[in-house]
2 protein chains.
Amino acid sequence: MQKISPSTATDHLPHLAYDSVIFGFSGTQLKILIMEYHNTHIFALPGGFVQKNEHLNDAVRRGLKERTGLDNIHLEQFYTFGDADRNNAEPMRTILVNNGLSPEKYHWMLERFISVAYYALINYQDVVPQPDALSDSCRWYPVNALPPLMMDHAGIVEKALQTLRDNLDRKLARGNLLPPKFTMKELQQAYEAILDTKLLRTTFQRRMLSLNLLERHEKQYSGGAHKAPYLYSFIKG
Amino acid sequence: MQKISPSTATDHLPHLAYDSVIFGFSGTQLKILIMEYHNTHIFALPGGFVQKNEHLNDAVRRGLKERTGLDNIHLEQFYTFGDADRNNAEPMRTILVNNGLSPEKYHWMLERFISVAYYALINYQDVVPQPDALSDSCRWYPVNALPPLMMDHAGIVEKALQTLRDNLDRKLARGNLLPPKFTMKELQQAYEAILDTKLLRTTFQRRMLSLNLLERHEKQYSGGAHKAPYLYSFIKG
DNA sequence: TATTATTGTCACGAATTGAGACAATAGAAT
DNA sequence: ATTCTATTGTCTCAATTCGTGACAATAATA
């Protein structure tokens, strides 16, 4: 949810929201940005609303910038959740009250919402999560150790993961899950975290090189007592 | 667009619509159901609106039943179109006027619409297209010979095709593009029409059989002067 | 009974993949 | 300096899959 004011009700398309699953990768873990609201223990995906004259895709870009400080993120829409019982009434009432806002004034926020879901792959290093007016934290959580999420947000994450696993090669190449240059081992660890399987080192390396998506750079002297690995980057095209 | 009355404005979620790309297969051609409005030469995908307390998916099922008479269709959502300039103002005004309806009364139909797009694979044989109150025809058109479609509907069809081509095996098995029993040749022709490529007969047959998705039945005596082909059906699971 | 078009399957080389072996090497230990 | 250790890049070889043509089987027709 984004910064809101009472006037918001008339500025936005009613009953329409978006939610975003922002993936990051650190060490060997796939993580997701999750927000927690002030004084509530209510956890949610970063989301927001669409202004009356705003492109849907632009609205998501705008909201994501407010939360991560990041611009120019490659966002991919993956599903629209439209069940009739998708409303924030109960948790949202709590959130409003605990923030000193009147549920009557913000009644529109308690109603049914259709939510268009997006995912993004971003570089963990680049993000300085910025909590907004309603939330007191915006933090990374490992995908396999998420806090209990409000509404159907756990289902949204699950669907995002399923989507991501399909045609992962192309998606990783377009996103920014890894830093600009990375080793083959880091790339393999990213694959393994996303697919939740172990992969064979030699087969993986051969396959990656045969995809013609990688450019090889100078070696990285890691400080470890062993042969130094090459660095690679994705060929953007 | 579905049957409407002035009261519709209050029954539906504003600014939200769906459009459906209904694929059928006949002979060697992939076809799509397209509607034409009375006295207008305006062509559009079958679409409609979502009632205030209706699941999004149910709304699409309901609309599709109104148009094709078919129930229990496997629908797959594939994208939500949300550009700010998506409105029906110009063509819709024409449609309303040519149907003796007042654009003032139906003003809500002229505004911006977010549209959730679905596709379905149905058996060409089963459909008796039923035009509704506003349209005078609902007919099959080959995908490569569509009439000029209103708004961004041509783009919606293109995206539906792209989606369909990805992981086609599973999608064909779940849908009903072919009759319950079909020959290997018919199956190959369906693949070729969708992918818009020629496939090698022997390789195709081997690959299909190795997928373990097909059940073999008795032979079909086609009347042709040659060996009779087996019939197959998809193993539903 | 011979002819013809089409179908199901096999055969064989080419390409891809699974899985282990091994040399190269950057730093740590001696 | 020399040896040791962990990791990396590549090679090898068998197993599997794929592209392609060959060929026998066969339903209707001539």
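Reckoned from all heavy atoms, side chains included, excluding hydrogens, waters and symmetry mates. In this text the structure is predicted, and so the values were computed from the model without any measurement. Numbers restart at 1 for each chain; the letters A, B, ... are given by sequence-line order, proteins then strands.
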S.K.: Does the pair L172(B) and L164(B) meet the rule for a side chain to side chain contact (heavy atoms under 4.5 Å, CB included), with working shown?
M.R.: CA-CA 9 Å; L172(B) 264 185; L164(B) 183 58; over 6 Å; no
S.K.: Between atom NZ in K198(A) and atom P in dA19(C), what is the gap in whole Å?
M.R.: 15 Å
S.K.: Is the closest basic N to carboxylate O distance between E192(B) and K198(B) below 4.0 Å?
M.R.: yes
S.K.: To the nearest angstrom, how far is Q205(A) atom CD from dG18(C) atom P?
M.R.: 15 Å
S.K.: Give me the one residue out of Y124(B), F234(B), F25(B), Y191(B) that meets ring-ring contact (aromatic ring centres under 6.0 Å, His included) with F182(B).
M.R.: F234(B)
S.K.: Between protein and nucleotides 23-30 of chain D, map the contacts as a letter string: B base, S sugar-phosphate only, - none, heavy atoms under 4.0 Å, written 5' to 3'.
M.R.: --BBBB--
S.K.: So, is the end of the R216(A) side chain (NZ or CZ) under 6.0 Å from the ring centre of Y230(A) and within 45° of the ring's axis?
M.R.: yes
S.K.: Can we say E218(A) and K181(A) salt-bridge, meaning some charged N sits less than 4.0 Å from an Asp/Glu carboxylate O?
M.R.: yes
S.K.: Take atom CZ of R170(A) as the centre, draw a 6.0 Å sphere, and report whether it contains more than 12 heavy atoms from other residues, nucleotides or ligands.
M.R.: no
S.K.: Starting at CD of Q220(A) and ending at C1' of dT25(C), how long is that distance when rounded to a whole Å?
M.R.: 15 Å
S.K.: Atom OH of Y230(A) and atom P of dA26(C): how far apart are they, to the nearest Å?
M.R.: 10 Å
S.K.: Is any NZ, NE, NH1 or NH2 atom of the basic residue among D58(A) and R61(A) found under 4.0 Å from an Asp or Glu carboxylate oxygen of the other?
M.R.: yes
S.K.: Please give, in whole Å, the distance from dT16(C) C1' to L209(A) CG?
M.R.: 15 Å
S.K.: What's the CZ-C1' distance between F182(B) and dT7(C), to the nearest Å?
M.R.: 16 Å
S.K.: Determine, stepwise, if the pair W140(A) / I34(A) fulfils side chain to side chain contact (heavy atoms under 4.5 Å, CB included).
M.R.: CA-CA 6 Å; W140(A) 290 108; I34(A) 300 289; over 6 Å; no
S.K.: Roughly, in whole Å, what's the span from CZ in F204(B) to P in dT20(D)?
M.R.: 16 Å
S.K.: Is it the case that more than 12 heavy atoms not belonging to D85(A) sit under 6.0 Å from its CG atom?
M.R.: yes
S.K.: Looking across every strand, which nucleic acid part, if any, lies under 4.0 Å from T202(A) by heavy atom: base, sugar-phosphate, or nothing?
M.R.: base
S.K.: E218(A) has an atom CD; how far is it from atom P of dA26(C), in whole Å?
M.R.: 14 Å
S.K.: What does the B/S/- profile of nucleotides 14-19 of chain D look like, 5' to 3', with a 4.0 Å heavy-atom cutoff to protein?
M.R.: ----BB
